[in-house]
Amino acid sequence: MKRKTKRRKSTSGKSANTRRVTMISRKAKQIRKKGEQWTNTIKRASKLLKKEGKL
């Protein structure tokens, strides 16, 4: 008799995106200026990471 195997659901890059977001937020936390808006810091962090070649 043939055994049926369950098909795994694909994560659709979810875990890869989570790692990316984590990396950006960590960098943002390091470079954030006093009183600076979080969204602006996130933008700067992602630009810096792209420049470094980590994204």
Side-chain angles (χ1 to χ4, degrees):
M1 251 169 80
K2 233 180 184 185
R3 242 205 265 165
K4 277 191 177 182
T5 55
K6 267 190 178 179
R7 268 188 69 186
R8 287 185 181 178
K9 287 184 181 179
S10 64
T11 54
S12 68
K14 192 175 178 183
S15 58
N17 189 50
T18 304
R19 276 207 319 271
R20 198 168 158 265
V21 168
T22 306
M23 198 188 294
I24 292 170
S25 58
R26 273 195 199 136
K27 185 74 173 177
K29 200 174 181 184
Q30 289 171 1
I31 65 166
R32 190 175 186 190
K33 295 172 185 171
K34 196 175 184 180
E36 187 181 14
Q37 281 192 328
W38 183 246
T39 49
N40 293 342
T41 313
I42 292 288
K43 285 176 194 171
R44 281 197 313 119
S46 56
K47 276 183 187 174
L48 281 169
L49 286 170
K50 279 178 188 172
K51 214 177 225 183
E52 290 172 14
K54 292 182 180 177
L55 278 185

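Throughout, numbering of the chain's residues begins at 1 and tracks the sequence. Predicted model only: the values in this text are computed from it and were never measured.
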Could you list all the side-chain hydrogen bond (donor to acceptor under 3.5 Å, both in side chains) pairs where at least one residue sits in residues 43-55, not counting sequence neighbours?
Lys27-Glu52, Glu36-Arg44

Applying side-chain contact (heavy atoms from CB on, under 4.5 Å), can you list everything that pairs with Thr39, at least two apart in sequence or on another chain?
Gln37

Does Leu49 sit in a hydrophobic cluster with other residues, and if so which ones, taking ILVMFWY side chains as linked at heavy-atom separations under 4.5 Å, directly or through other members?
Met23, Ile24, Trp38, Ile42, Leu55

Please give the remaining members of the hydrophobic cluster of Leu48, linking ILVMFWY side chains under 4.5 Å, ordered by chain and number.
Ile31

Distance from Arg20 atom CZ to Ser15 atom OG, nearest 0.5 Å?
13.5 Å

